[in-house]
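Throughout, residue positions are numbered sequentially from 1 according to the sequence presented.
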Amino acid sequence: MNVQSRRRFLDAMGLGPAWTLRSAPASMPESIAESVPVFIAASAAAVESAVDSAASVAVDAPPSAQAIAAMNWDQLAAAAASCTRCDLCHSRSHVVFGRGATDATLIALGSAPNRGDDEAGTPLSGAPGQLLENMLRAIDLVPQQVYVTNLVKCHAPAGAATADQLTACRPYLERELVLLTQARTLLALGQQAARSVLPSGPLQDALGVRAIVATLHPDDILRSVQAAAMAAAKARIWRDLCMAQGAHAALA
């Protein structure tokens, strides 16, 4: 296609005006003329669309750890609800933010939402949540005194959350721990949660002066199909709950 044909084609498509060399020699071979670049003037609407797209990308960027550390409860819940800080945002049904009173005196910390939590949008839902409530009532703690949350706020289809997922979600949990100013005891449910609150664990700076007690996750009991295993699990949890009750009372 020569230059004249190209210009007519572009005009017909509504893509003109086009610029070519100001004074191309009449004797220029067509092969050379074909190699001359043709520049199309971008319309104002196209430029505005590109700017809007760039702004949209900036708005949708996940919040930084520093930004999360300055949020209040409402801001924190809203940021978590649309979070894309890790790959779990692609597989979740709902973000599972913490539940309970913000002036709770005890924190129950699990590892990650299970499939039922993902569907319900609340941590320790269904049978595990009912069992936890019964456990805490046994040591004279009512739901209004407890805040329940997880290390990560989205269901991990592979099971336990990965190190990268834990790191990405940690700013949300750290902010929860800081905002829970009345909480004096933390009950870690399961091995992964327990490891996070050990003296060398990653949550030490946000834990403050709190009693830490680790025990089995309610799911561990519900998965104990053999009577002997369930009895052993219940006995261990009862010992841990009594320890939590004593520590909680001592810090009152």
Side-chain angles (χ1 to χ4, degrees), residues 60-65 67-69 71 73-102 104 106-136 143 146-180 183 186-198 201-203 206 214-225 233 237:
D60 293 339
S64 66
I68 294 172
M71 292 178 178
W73 278 114
D74 291 339
Q75 294 166 338
L76 189 65
S82 59
C83 183
T84 57
R85 285 177 59 86
C86 79
D87 57 345
L88 291 181
C89 67
H90 302 301
S91 59
R92 71 190 180 210
S93 296
H94 295 94
V95 170
V96 184
F97 195 65
R99 64 172 171 87
T102 56
L106 183 138
I107 303 166
L109 175 65
S111 54
N114 61 23
R115 191 175 300 279
D117 300 339
D118 180 54
E119 295 174 356
T122 186
L124 269 81
S125 61
Q130 186 60 56
L131 180 55
L132 175 65
E133 183 175 326
N134 293 341
M135 289 161 49
L136 295 173
V146 181
Y147 184 86
V148 183
T149 192
N150 286 303
L151 296 175
V152 297
K153 311 306 182 192
C154 298
H155 173 55
T162 66
D164 287 343
Q165 291 162 356
L166 289 167
T167 299
C169 209
R170 189 176 302 145
Y172 293 109
L173 176 58
E174 290 178 339
R175 188 57 181 163
E176 284 178 293
L177 294 175
V178 170
L179 290 173
L180 290 162
L186 186 144
L187 185 65
L189 306 172
Q191 290 186 358
Q192 195 169 46
R195 286 195 297 269
S196 72
V197 296
L198 291 173
L203 294 173
T215 191
L216 298 175
H217 195 285
D219 278 339
D220 297 331
I221 296 180
L222 297 175
R223 285 196 297 262
S224 300
V225 294
I237 285 184

Next on the checklist: With side chain to side chain contact (heavy atoms under 4.5 Å, CB included) as the criterion, how do L216 and L189 come out once you've worked through the C-alpha distance, each side chain's angles and the decisive distance to 0.1 Å?
Outcome noted: CA-CA 5 Å; L216 298 175; L189 306 172; over 6 Å; no
Item to check | side chain to side chain contact (heavy atoms under 4.5 Å, CB included) evaluation trace for L203 with L151 | outcome: CA-CA 10 Å; L203 294 173; L151 296 175; 4.2 Å; yes
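Shortest non-hydrogen contact noted between V197 and A188 is CG2-CB, 4.0 Å. Minimum heavy-atom separation, P123 to N150: CB-ND2, 3.6 Å. In this structure, R99 and L124 approach most closely via the heavy-atom pair NH2-O, 3.2 Å. The minimum heavy-atom distance between A80 and F97, with the atom names listed, is CB-CD1, 3.8 Å. Taking both residues in full, the closest heavy atoms of S196 and L109 are given as OG-CD2, 4.1 Å, listed atom of the first, atom of the second, then distance. Of all non-hydrogen atoms in N114 and H155, the two that sit nearest each other are C-ND1, 3.6 Å.
Separating the CG atom in L166 from the CG atom in L173 is a distance of 10.0 Å, to the nearest 0.5 Å. Rounding to the nearest 0.5 angstrom, the gap separating the CD1 atom in I237 from the NE2 atom in H217 is 10.0 Å. Here the CD1 atom belonging to I68 is positioned 10.5 Å from the CD atom belonging to E176, to the nearest 0.5 angstrom. For the atom pair CD (E174) and CG (L179), the distance works out to 12.0 Å, reported to the nearest 0.5 Å. If you take OH on Y147 and CG on L186, they are separated by 12.0 Å, rounding to the nearest 0.5 Å. To the nearest 0.5 Å, atom CG of residue D164 and atom CG of residue D87 are 8.0 Å apart.
Paired with V146 under the rule side chain to side chain contact (heavy atoms under 4.5 Å, CB included), one option of L132, I107, L187, L106 passes, and it is L106.
The environment of CD in Q75 is crowded: more than 12 heavy-atom neighbours from other residues, nucleotides or ligands sit within 6.0 Å.
Annotation: side chain of T122 is not in contact with side chain of P113 (no heavy-atom distance under 4.5 Å). Side-chain atoms of R170 and P202, non-hydrogen and from C-beta on, do get closer than 4.5 Å to each other.
Counting only distance, with no hydrogens or angles, the side chain of R175 and the backbone of L76 share no donor-acceptor pair below 3.5 Å. In this structure, the side chain of R85 engages the main chain of A168 through a donor-acceptor pair within 3.5 Å. Although no hydrogens or angles enter the test, the distance criterion places no donor-acceptor pair under 3.5 Å between the side chain of Q165 and the main chain of C154.
Pairs passing the side chain to side chain donor-acceptor pair (under 3.5 Å) check and including a residue from residues 88-97, sequence neighbours excluded, read S93-D118.
Residues passing the ring pair (Phe, Tyr, Trp, His ring centres under 6.0 Å) test with Y172: none are found, sequence neighbours excluded. In this structure, the side chain to side chain donor-acceptor pair (under 3.5 Å) partners of S125, at least two apart in sequence or on a different chain, are D117.
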